[in-house]
Structures are given as structure tokens and as C-alpha cells.
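The next block holds one structure in the form of C-alpha cells; read it before the comments.
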Amino acid sequence: MKYVLVAINLPVKNLFRQFIYRLPENLLQVGEGWRVIVPFGSQKVEGFVVQAFSREEAAEVLQKDNPDFSFAGVKEVSAALGTRPWFNDEMLQTAKWLAKYYLCSLAEAMRLFIPGKTSIRRKPVYQGGKLIAYDVEERLKARTVLAYNITEAGRAALQAGNPRAKVQMRALELLQQAAEPVDGKEAEAQHISAAVLRALAEKGWALRTEKRLLRNSYDRQAEWKETLQLTSEQEQAVLKIRASLDHFASSCPQEFLLQGITGSGKTEVYLRAADYALRQGRQVLVLVPEIALTTQIVQRFQAWFHNEVAVVHSKLSQNERGDVWYKMRTGEANVLIGVRSAVFAPFKNLGLVIIDEEQENSYKQEERPAYHAREVARCRCNNNSAVLLLGSATPSLETYYRAVSGSIGHLQLTFRPGNSVLPAVDVVDMREELAQKNFSVISRKLRREIVAAVHAGQQAVVLLNRRGYSTFVMCRDCGETLTCPHCAVSLVYHADEQVMRCHYCGNTYPIPRTCPDCGSRRIKFFGSGTQKAEQEISQMPGVRVLRMDQDSTATKLAHEEIIGRFVKKEANVLLGTQMVAKGHDIPDVTLVGILAADSALNLPDFRASERGFSLLIQAAGRAGRGDKPGRVVLQTYDPENEVINFAKKQDYETFAKRELAQRKVLLYPPYGQIIKLTVIDKNEKKAWELGDEVALFLRNRCEMEKWGRTEIMGPFPSGVAKVRDLYRINIVVKSMDMEKVKNCLSGSRFRTVKNIYFDVDPITAI
DNA sequence: AGCACGCCGACT
DNA sequence: GTCGGCGTGCTC
């Protein structure tokens, strides 16, 4: 008798146990890594087989933590999903690591590997028009078509020939030539109808099979295949990565930081590294922050590797995503480009993972389990003996620290290929502008530069800060800003819809005529300076503006369209928030303007400087990509600000050293690790009580167990203290001894309490 | 997630 | 006295 231990795939936080089931006679092939349907309580649910064993082994394992376990209540597995295990050993190992590291259940970790998080859907069962129950069925449907293979008899018939059946002979010819079974559509293209294929099958000349049809909505032809001459630095980087791909497990590092200034050609290194891995018969995963902002990488890879490349992005349907996963598993495609979740794809033989712009926050999942794709990738690379390549101009301080301290390889690209030089950065003091009676949000210098660039037939990019871009409503008498009644945030004015909108709960409200607090009629729209900026810029001589922001890019692929129109010179100034700073490479952009550079730097969070610095460098990097030199005008009210000065000099190293020194003092990463615990409750008092209990518990245990250097902060209200009428209270633990903190938490009752969320390595500590 | 069980408030 | 609110606990 065979038994299996099953992790139940339900989106429940407190289901940490696995359950045992008996395998029926017809499912004896089921073992570790299979997806199954099992009865659970009164319903049927999906489960993942974590272990398979005999009756004796099962008894031994189960009696260890439950001495009076009996087989009496054990149920049978209802069905197997698919025809082979979904998880191989490596995926299972990664899931187990993830569950432990991020303090979630094994099932929660495993379901990340399932496209769409579950393989089944509930199917209502009707009898006599009445709903009697729910059954379950497979959710992802593989689309199949009938296809035909030539048989021996067919080959003989073709050899013999038959002048009276010309079409049949041509069909046999086609089947013989084809490597894969031929379907009706493919035959149609050769002017052979499906009926002819059927006739061949009836004669025994062809064998009918089912072929899986793969959908691909991101199938666009890429032209642009040019093989650029590598610089000496690029060459060196490629050689080192190759050496690691050649003999892992030896003295070569398995992980690299590829730190290259903007425009230094990191993509060229990625391509060569990927090419080498493919030649070894191994697969490559390329993670990008967002597909729409990285079309150039996608195009380069498609031009180089053609249909070896598969792309996953958030606009793919669940079925399409399933097809991409299938291609990787079978080796039909061998390069996968995708965002965060692509790190959970099934690979046949993973050899290299590339993470572009590794410092980007989009690699961190916000919802539970709050994993970071870089950490998951590192685990998968270790389990696969694969190489991990992290690329950035401004790496995260965690990664930079690993590189300079020698625990990973450090590859550097310090100059741009060709004659291209880094742009000159001019800092403009906006206080001085005010003193000179310029009340505009555009400095005189930036105005001159824009007009000059446009006049010379060149283009400009202007970066607005998102916070400055939002417009709030403020009362001039009592100073109140209009806030959402359900969330602790200001409402944002949307000019196009003429409403006030909450960016957390999405509710909209009419625009007030009077202050809801004091009744005053003196209402001011605060922050509208950026609309003024757009207006002013568009009125400059010869300027045609294109705007790119959340509002103008409702659909994700619209980014691409806007960039495309800008490249085609339908406009000469591109105006927008963060996203104009990222990724794209437009040769005629010679000027970048950054309005209000400081507002991003003054957030009360330990990563604010790092993020701000990175944004400034990225934005500046858009200028002078082609053969014309670029310039950057950076406007600030705080020209003495250190971060702005490091950005002006494009000096990452000194910036990083200064920042690391601060983090060391304050026990922030990479020196201390962080866990953020958030208590969420509609009752504010209850939230505080539970928060106090958690903090007290941790402080006691910290003292009792003598944890290494640890600081416990809070409870304090979360940065957004209320969302959708739910109060949020945080406790932040910083520690050099995180293993102990995690063990303590996972052994506590808080692990299964529903309204406490754990965020390991959070992006923000507020 | 569902479902059962159990303990307090407002009704026929 | 009962109906039903949801807080808690369990599912092999």
C-alpha cells in the first residue's frame, strides 16, 4: 500500500501541516512533486505531493508527532493532475527554502510555481436544472490539434509513387520532410486539405496523433541583429562568466555583480553569456523589472536567439503563461525573459540567471509570501549549479556590499563604447530662481536648454517627481488636506475625470467647493505646478510634448507605443514620471531635465537615498546615448544635499561608502536583516493590543535567548496607517541574528494568527 | 477556503 | 424562550 504526504493548496495562512492520503490502485505512478486532487473536509482541493512512502514508513513518520495516529481516517487521493510531476527535486527544495526563509507555509511557497496559483477550478454540477454540488476540473486547458506522422507503409507508398494521387504524394512528401507531426493548418499552407491527411491515415500511411498547440501573443519579429565589437571590459566580463559556466563548484564564483555605468553595454554582456550557456545545452532566465520598459532587451534577445526566446509579461492570459511554462519544461524554448514571477518557471536544465537592474523594487513581491526574486533566483541557481548575474549601474547596497567584500564576483564596465561620454550635470538652485523673480517651476537655464536642443533638431526628456505630480486639495484657512474617509492618505485630483480619487482603495469623490472641515470657500489645488510645467514647456517655441505617466498608460503596452512615437520624432520633448528614466535608449536625446530632484530624497525611510540616487543616475543616463554629447539640468531647492552632489558627479562608489557607513550604525541591511510585522484590524484598539503583545514577546525572548545585536522598533502606525478601514500597526525587528528571530516567530502563536503579516527583508521599514 | 461548533444580543 | 451574529478551530 502506498501513501503520500500532501500540502493543501488553499490560500490560507494557518495551514502549516501536511496531510496523508492513500493512493488508489489506478494512481500508483503518483509520487513526489505531483499535483493531485484530494478530498479535504467537505470539498475537493488541489494538493502537492511532498513525499511518498509505504504504510510502515508512513506510520513511523506520523507517529513521531502524533503517537496515537491511526490509518482509520485516511482518505484516498481522488485524481492526479497532469501526467507527470510538476515539481522536480530542485523546485521542491527551493519551495522548502522559501517557506522557511519567508515564514510561510510550504503550500504557499509551492503555489508560486503554479501559473495562476492553482491548477483547478470549481465546476458547478446541475441536476434537473438545480445546483447540487461543486466538482473540480483542470483549469489550464492545453489546446491540441490532430496531427499526422508518416508510417513505414507511407514511406513505401511514397517510394513506389502513384501518378493518379498527386496530392496524396505531396502530402506524404510533406510528412516525411517534417520533423514534427503535421497538422491541418500546416498542410493547408501547402495547399493540401485536411481531408487528404485523413485519407492517408485511413490507408495506414500516416499515424494520427494529438499535438499541443502553443499560443504566443508576444510574437513580434525583431530585425536588428548586429554583432557589436566588445570593449575590453565587456570582453573581460564575458570571459569570467564563461569560466564560471565551464566549471562551477571550483574556485570560480557562481554569482556576479555586473556594475556598468549607464550606456556601457551590459546587454551585450548578457547576450554573450546567454549564448555560451545555450551552447552548453543549458537554459537561461532573464529577469527584468517590467517588460514594457525593457523592450530593447527583449528585441535584442529575440534578434539573437529567435524562437529560442519565450517572453512572459503580466498581460498574458493564464493559458498563454501555461504554454510558456510548457516550452521551458520541454526545452522547446531555452531563454525565458520575464518579470518577477518568471523566477518560478519550470526549467529542464537551468544554467544562467540574469537579473537586469537588480536594485529595482519590482523584484520584491508586496503580498504574502513577500519574496524577493533575486533571493529565489540565488536559491535556484545553487540548486541547479547555475550562474547568477546581477546587472546594474546603481546596484542595491546589499549586492554592492557582497561584491566589494568578495563574496561574489565584481565585474565592472566603467566607460561607454565608442566616443560616447557621460553627460555633464548642471545643478540649478531653485531658491536663486525665486530670488531672481522667476516663479515658474522651470528654471531659466532649463528653458534655454530645451529651446536650444529642440532648435538643433534634438530631443529632451523631462522627469517629474511622482509626488510632485499628484495634486492635492488643501484648505487655505484651516490647512487641512482632503483625505480619504477609508484610508489615511490624501485624495488626488484627477483633472481628466474631474474627481478626487484615493490611490489606495480606488474610491472617487466629487471635487469640494468648500472645506469639509471648516466650511471655508478658500480651497487651493496644491501641487499643480507640474501641470503648469507641462503647459509652459508646450508653449516654448518649436516644442511638441508627449506625456507618459500612469494616466496616459492605462494599458501596459502603451508605454512602448509612446516611446515608439517619440523615437519616430512625433514629439521632441518627453515628459513624465519615473518611467521616462528607465531602460530605453533614444539616440537623439541630448538633454534631460529633472524637476524637484530633492522630493524623492527626503522620505523618512532607510532606502530613500538609495532610490533617489538611482533614479537621478538613471534619468541622467538617458542623455547622450548616441554620438552627440548629452547634458542634464537638475533642479533642486537644496543644492548642498550630499546625494544630489554624488549624483552630479555620477559617483556611485563614494555614495555607496557613505550610505553603507550609515547603515552599519543603524543596523540596516546589509549589516542587519529586517523583518517587518504588520498587525491589521478594523478595530484600532485591538490592533494596538496585539501589536503591543508581539513587541513585548519579542523583547522578552531577545533578552532571554541572548540574541546577537537586535533592535525592536514599535509598535508604531504604518506609513499608511489605515487602508480600506483597516488599521495597520507595524513592529520592525532589525537583527544580526535573524535566524533566531525567525525561529522564535515560527514557533510562536503569531505564526498562525490571521491578521499579522510578516515581511522578511521589506523594501521600506515604515 | 469552507464548514461546524459555540457563545452572546434582539426578536417572534 | 429562539434566530443568527461571527470568533475559533479543524480538515488526513
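Numbers restart at 1 for each chain; the letters A, B, ... are given by sequence-line order, proteins then strands. Just the heavy atoms: all of them, side chains too, but no hydrogens, waters or symmetry mates, feed the values below.
- A heavy-atom distance below 4.0 Å to DNA chain C is reached by these residues of residues 33-45 of chain A, ordered by number: A/Pro39, A/Phe40, A/Gly41.
- Of all heavy-atom pairs between A/Ala107 and A/Ile8, the closest is CB-O, 3.1 Å.
- Among residue pairs with one or both ends in residues 10-19 of chain A, none qualify as side-chain hydrogen bond (donor to acceptor under 3.5 Å, both in side chains); sequence neighbours excluded.
- Using a 3.5 Å distance cut-off with no hydrogens or angles, the side chains of A/Asn334 and A/Gln283 do pair a donor with an acceptor.
- With A/Thr94 as the partner, the side-chain hydrogen bond (donor to acceptor under 3.5 Å, both in side chains) test is satisfied by one option alone out of A/Asn384, A/Asn382, A/Asn383: A/Asn383.
- One finds no salt bridge joining A/Glu703 and A/Arg699 here, because no Lys/Arg side-chain nitrogen approaches an Asp/Glu carboxylate oxygen to under 4.0 Å.
- With values rounded to the nearest 0.5 angstrom, A/Arg728 atom CZ is found 4.0 Å from A/Ile680 atom CD1.
- Among residues two or more places apart in sequence or in another chain, the side-chain contact (heavy atoms from CB on, under 4.5 Å) test is passed with A/Ala58 by A/Tyr3, A/Ile20, A/Phe53, A/Leu62, A/Phe71.
- Of all non-hydrogen atoms in A/Arg321 and A/Ser341, the two that sit nearest each other are NH1-OG, 3.1 Å.
- Residues from residues 7-15 of chain A lying near DNA chain C, meaning a heavy-atom separation below 4.0 Å, are A/Leu15 in numerical order.
- Within residues 69-82 of chain A, the residues that place at least one heavy atom under 4.0 Å from DNA chain C are, in residue-number order, A/Gly73, A/Val74, A/Lys75.
- Taking A/Tyr668 as the reference, A/Phe606 meet the ring-ring contact (aromatic ring centres under 6.0 Å, His included) condition, with sequence neighbours excluded.
- When DNA chain C is scanned in the 5' to 3' direction for atoms under 4.0 Å from non-hydrogen atoms of chain A, the outermost contacting nucleotides are C/dT11 to C/dC12.
- Across all strands, A/Arg17 comes closer than 4.0 Å to base atoms (heavy-atom distances).
- If you check residues 46-62 of chain A against DNA chain B, you find no residue with a heavy atom closer than 4.0 Å.
- Under the side-chain contact (heavy atoms from CB on, under 4.5 Å) criterion, A/Ala377 pairs with A/Val343, A/Val353, A/Ile355, A/Leu388, sequence neighbours left out.
- Considering only residues two or more places apart in sequence or on other chains, A/Pro289 meets the side-chain contact (heavy atoms from CB on, under 4.5 Å) condition with A/Thr294, A/Glu357, A/Glu360, A/Ser362, A/Tyr363.
- Ion pair A/Lys364/A/Asp759 flagged as a salt bridge, since at least one NZ, NE, NH1 or NH2 atom sits closer than 4.0 Å to an Asp/Glu carboxylate oxygen.
- Partners of A/Arg340 under the side-chain contact (heavy atoms from CB on, under 4.5 Å) rule, at least two apart in sequence or in another chain, are A/Gln365, A/Tyr371, A/Ala373.
- Applying the salt bridge (charged side-chain N to carboxylate O under 4.0 Å, His left out) criterion to A/Arg329, with sequence neighbours excluded, gives no partner residue.
- Across A/Lys75 and A/Gly41, no two heavy atoms sit closer than the pair NZ-O, 3.5 Å.
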